[in-house]
Structures are given as structure tokens and as C-alpha cells.
Amino acid sequence: MKVQCIDTDPARIRDIIAKSLDLQVLTLAEVSALLELQDEDMWAEVFEAAGKVKEKVYGRRIVLFAPLYLSNECMNNCLYCGFRAGNREAVRKTLSVEEAVEEASLLADKGYRRLLLVASEHPARTGIDYFEKVAAAIYSRTAIRILHANTAPMSVEDFRRLKSCGIGVYQCFQETYHLPSYMRLHPSGAKADYEWRISVMDRAVEAGFEDVGMGVLLGLYDWRWEVAALIAHSRRLINKYGFGPHTISVPRLQPAQGSKLDYRKYRVSDDDFKKIVAIYRLALPYVGIVISTREAPELRDGLLLTGASQVSAGSKTSPWGYVEGGDTEQFETGDKRSLEEVIEKIAELGLVPSLCTACYREGRSGGTFRHLAQSEAMKNFCRENALLSLKEYVEDCAPADVRQRLRAFLEREIIKSTNGLSDKFRLIEAGARDVHI
Ligand code: SAM
Ligand code: SF4
């Protein structure tokens, strides 16, 4: 067999960068060149370009959210997860609808408006009926405006019901695309079915979800192979449906209670992690890239300038974690900062913290979202909505000292605006809420 050499010459890499800056999706050959790139000076150019691409699409805004863990009772046995059925030390809990509302209210009082519902797989306890009740109760009884969901794969029929109860983005990670690794790491339960998992996004789209979130769990297999596979999967969705993933998450394996997995074998270093985020950003320019609190503060802050566009903050990874601290966590978190600390850090970096939820409620999803992003119109919505949502946070939720600093920040941002933002700010000061475009 003839082995083809991958061209990573600076001229070739600069052509690829130019294509991304033109907001075009990269081919797999172009992704391979980035994956093979060794030259550190060229990597500096790639990182800079990733930051620029993010800014072309979304401007300077960084969206914030929190996960809401509903259950850790699981039928599966994913060897890396604290919730797996085989973890005998786990203290099991599924939130009642009342408890879910209590956790969501607490988060809403802190200022969150967007939550990601997360649940393990237990058809009897966390089936679609349960999600319908939880979503309806949170929407009707709290100030949360959009719920996304990271749940086990469902049938088309159940996805229709999930969509009807107002879930914005349906998220599910393939974990690993490498079949032998997948089979070894998922020995039992519904998740042992690779085919059912890899086809999940087709069923979600068939049921009406235009916004889907994808990811691989970094650290289970060779990251270069996984990143290429995820981008190939995304390209397939784009070719088939006219839109690909709305978000790509970048979960990296963390220690978990009762897991005996060897974490060193495919460990992804911080340097490689940063490269992965930049490659996703260049390969799929208009996709939201989500960084969780699995990662340490310094790494997360740096990634905000090299491609990331969304972060969770103040997260707890156990059911009942916000109200009482919770028991068994899914994994250990690396960033323990509160929402206000992360908001202040984002502002300090010259970016704009955003608690916006507008697009999902204004029909800017799927192909429409992609079109707006590619034509560089999205960042205008993002900037204005970020500032409006931050203004609301300042008025209602920010602690007194933070409020003062953020007011000064907003004053500086208003000066840069030309579109009547100060009138809208006055509306918010007079009591109007959920002001957005
Ligand atoms: N149970 C559903 C599933 O597995 O798809 C959805 C929720 S699961 C709680 C969310 C994600 O957490 C998983 O898809 C996996 O990628 C990630 N995860 C599990 N164990 C982890 C660990 N030890 N470190 C980091 N992420 C982990
Ligand atoms: Fe259950 Fe999901 Fe954890 Fe697997 S990753 S054990 S399916 S909660």
C-alpha cells in the first residue's frame, strides 16, 4: 500500500487558516494536516486564527450555563463513570420534580437562565415521562428560560416528546468512535449497543431537533483519531441535513469514584487539549464550542481566546448538588469558581459574559443559525443580547461589589454601541425583563 505523506508546510497551513477565516467547513484532508502539524510557530498562528474565527462568528461574547444533574441511577456500566451500575460505593439519587424545581430556582436566583439537564440512563426512573414533568415544572415555576438536555439516546417518538417539552439543544457524546474501545468500555446495558448510539443524532433530527450537541470523551482512545472521526460525523450531518452540530463539547476524562480505568494510556495533555479546541473551531467555524468545569481555571480562561464560545460555571455534578452538596459525583471538577467569579474573569479578558437564551426562542436554529453565522450577522445579535442579559444579571442577581464593577463595564460597552442600547438598558432599569432581539 502506498502511504501518502500529509503536507503540513506553512503555505498549506496558511491556506487552511484562510479558508476557516472565510468561515468554510474544512475537508478531512485539511483536518489531517492540522492534526499532523508539529511546528510550534505555526501552532501559534493556528491559535490566533481560531480566536479570530470565533470572533467573526460570535463576536466577543461567551455564553454561560450550568448543568442540572437529575439522576445518578444508571443501568449502564461505562468503566470511566462514577454513576455506572457496577459502582457499589455510589449513593444513588433521582430528583423528584419538586427537588428539580428547587435546584433550578436556586440556580435562577444566582443569575443562570440556561440549564443543561443531565441524567444517567434508567428507563423506569428517567424515561421521557419524567423529562416532560421536570421541564414543564421548571419552565412554569422558575426564571429559567431555556433547558438543554444531555440524556441517553431515545427513539424518534420519545425525541418528539422531548422536543415538544421545550428542550433547546439535545446533546449526546459518542464517547469513542473506535469500535473495539467502545465495546470494551461499555460492557453492559443499553449503551453497549454502538449502532444505537452512533445513530442518535439522525433520530433526534428526524424528530425535529435542529440543534444537536456532539462530543467525544477525550482520554479513551487516540485523540487524533477521535477528533477526525467526530469531524467526519459532523460533515456527514451537514451533507445530509444542511446543518451539523450546533455545539461540540470537549469533555476530558477525569477521575471518578469506583473507576479502575487506566487514565494514563490515552491521556490528553493541556497543550493537546488547546490544539483540539482550535482544530474544532477551524474545521467547523460556526459551531459553539463548550468547555466544562472538568478543566482547571487557567486552561479554561486561555481557551476563551483560542476558540471556545460557551462555558459552564459553578457546576455540581451530583443530583441535589446545588441545594445540599450532593453525594456521588459523576467526576471531579477542576474549576470550582462561582458564576460571578467566572463572569468577572470573562470581562477582565476583554470579552463579554452572556446569559442570553434568545436564539432558541426566536427560531434561529439549524440551517437558519448556520446561515446567519456564516454571513457574520450572528455576532450582532450575540453582542446586543449578551449586554442586555448581563444588564439584567447586574440589576437582579449580582452581589453588591460585583454589581458595581459590572456597571462600570457596561458603561464602557455602551459607549462602543450605536444601536439604542442605552434605551433598552433604561427599560430594564424600569423593570422590563427578557429584553432581547
Ligand atoms: N448518561 C448519559 C450518557 O452517558 O450519554 C448522559 C449523561 S452523562 C452523565 C454525560 C457525559 O459525561 C457522558 O456522555 C460522558 O462523556 C461524560 N463522563 C462520564 N464519566 C466521565 C469522567 N470520568 N470524566 C469526564 N467525563 C465523564
Ligand atoms: Fe450511565 Fe452515562 Fe455514566 Fe455511562 S456515562 S454510566 S450511561 S451516566
Side-chain angles (χ1 to χ4, degrees), residues 67-90 92-95 115-123 125-127 130-131 148-154 158-159 162 167 169-177 181-182 184-194 196-201 203-204 212-221 223 226 230 247-263 266-268 273 290-296 312 315-319 321 326 328-335:
L68 171 48
Y69 275 71
L70 296 172
S71 174
N72 63 11
E73 296 188 80
C74 197
M75 68 183 295
N76 295 313
N77 237 322
C78 313
L79 298 188
Y80 44 81
C81 180
F83 294 172
R84 72 195 172 91
N87 179 10
R88 302 277 167 237
E89 298 158 45
R92 303 288 173 178
K93 179 157 182 75
T94 298
L95 298 187
L115 298 182
L116 172 68
L117 300 178
V118 184
S120 44
E121 184 163 12
H122 192 300
R125 292 193 198 265
T126 55
Y130 173 76
F131 278 104
H148 300 324
N150 184 325
T151 75
M154 297 182 183
D158 284 357
F159 271 135
L162 191 71
I167 299 299
V169 177
Y170 171 70
Q171 195 182 76
C172 185
F173 307 149
Q174 180 57 33
E175 320 296 15
T176 172
Y177 283 89
S181 301
Y182 189 95
R184 183 174 57 80
L185 292 162
H186 306 98
S188 59
K191 197 161 163 181
D193 186 344
Y194 182 94
W196 180 246
R197 190 137 186 122
I198 206 165
S199 54
V200 62
M201 294 310 169
R203 290 193 302 282
V212 292
M214 297 166 69
V216 286
L217 180 52
L218 297 165
L220 299 181
Y221 186 61
W223 68 262
E226 301 280 29
L230 176 56
T247 55
I248 287 191
S249 299
V250 202
R252 178 165 59 162
L253 198 58
Q254 305 298 324
Q257 185 190 62
S259 170
K260 297 193 173 49
L261 201 70
D262 178 2
Y263 286 79
Y266 293 114
R267 198 182 154 272
V268 173
F273 193 86
V290 189
I291 310 292
S292 74
T293 55
R294 289 172 180 87
E295 306 306 331
S312 49
S315 307
K316 300 282 183 196
T317 66
S318 54
T328 297
E329 292 179 316
Q330 190 187 22
F331 49 78
E332 292 171 17
T333 53
D335 187 345

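These numbers come from a predicted model, not from an experiment. Atoms within a ligand are numbered from 1 in the order they appear, just like the ligands themselves.
Nearest protein heavy-atom contact of atom 5 (S) of ligand 2 is K191 NZ, 3.4 Å. Scanning all protein heavy atoms for the shortest distance to atom 21 (C) of ligand 1 gives F331 CD2, 3.8 Å. Nearest non-hydrogen protein atom to atom 17 (C) of ligand 1 is R294 NH2, 3.4 Å. The protein atom (non-hydrogen) at minimum distance from atom 24 (N) of ligand 1 is Q254 N, 2.9 Å. Closest to atom 12 (O) of ligand 1, if we only count protein heavy atoms, is Q330 NE2, 3.1 Å. In this structure, the protein non-hydrogen atom closest to atom 7 (S) of ligand 2 is N76 ND2, 3.3 Å. Nearest non-hydrogen protein atom to atom 20 (N) of ligand 1 is Y80 CD1, 3.4 Å. Ranking the protein heavy atoms by distance from atom 3 (Fe) of ligand 2 puts C81 SG, 2.4 Å first.
A side chain to side chain donor-acceptor pair (under 3.5 Å) with Y80 holds for exactly one of H186, Q254, K260; it is H186.
Taking 4.0 Å as the cut-off, P153 does not count as a neighbour of ligand 1 on heavy-atom distance.
The backbone and the side chain of C81 each have at least one atom closer than 4.0 Å to an atom of ligand 1 (non-hydrogen atoms only). The proximity of R252 to ligand 1, defined as any non-hydrogen pair under 4.0 Å, is limited to the backbone. When heavy-atom distances to ligand 1 are checked against a 4.0 Å cut-off, N150 comes that close through both its backbone and its side chain. Of the heavy atoms in V118, only side-chain atoms (C-beta onward) come closer than 4.0 Å to ligand 1.
Summarising the contacts of atom 1 (N) of ligand 1 with G219, A119, A152, the nearest heavy atom is found in A119. Of the listed residues (E175, R197, K191), the one carrying the non-hydrogen atom nearest atom 16 (O) of ligand 1 is E175.
Of all the atoms in ligand 1, the ones that sit under 4.0 Å from a non-hydrogen atom of A256 are 23 (N). Near S120, the atoms of ligand 2 lying under 4.0 angstrom from a non-hydrogen atom of the residue are 8 (S). Ligand 1 places these atoms under 4.0 Å from at least one heavy atom of S120: 1 (N). The R84 neighbourhood of ligand 2 comprises atoms 6 (S), with distances under 4.0 Å to a heavy atom of that residue. For ligand 2 and C78, the ligand atoms under 4.0 Å from any heavy atom of the residue are 4 (Fe), 5 (S), 6 (S), 7 (S).
For the pair R197 and Y182, the cation-pi test (distance below 6.0 Å, angle within 45°) is failed.
With 2.8 Å as the limit, C74 counts as an N, O or S neighbour of atom 1 (Fe) of ligand 2.
Residue-to-ligand polar distances keep Y263 apart from ligand 1: every N/O pair is separated by 3.5 Å or more.
Side-chain contact between L253 and Y266 is absent, with no heavy atoms from C-beta onward closer than 4.5 Å. L79 is listed as a side-chain neighbour of P187, based on a closest heavy-atom distance under 4.5 Å. In this structure, the side chains of R203 and W196 come closer than 4.5 Å at one or more pairs of heavy atoms.
Rounding to the nearest 0.5 angstrom, the gap separating the CZ atom in F83 from the OG1 atom in T317 is 6.0 Å. Annotation: the span from I167 atom CD1 to N150 atom CG amounts to 11.5 Å, rounded to 0.5 Å. Atom SG of C78 sits about 8.5 Å away from atom CD of E121, to the nearest 0.5 Å. One distance of note links NE2 of H122 with CG of N76; it measures 11.0 Å at 0.5 Å rounding. One finds the CD atom of E226 at 7.0 Å from the OG atom of S181 (value rounded to the nearest 0.5 Å). Separation of atoms CG (L117) and OG (S71) is listed at 12.0 Å; rounding is to 0.5 Å.
Not a single salt bridge (Lys or Arg N to Asp or Glu O under 4.0 Å) links D158 to another residue, sequence neighbours left out.
Here the shortest heavy-atom pairing between S315 and T333 reads O-CG2, 4.4 Å.
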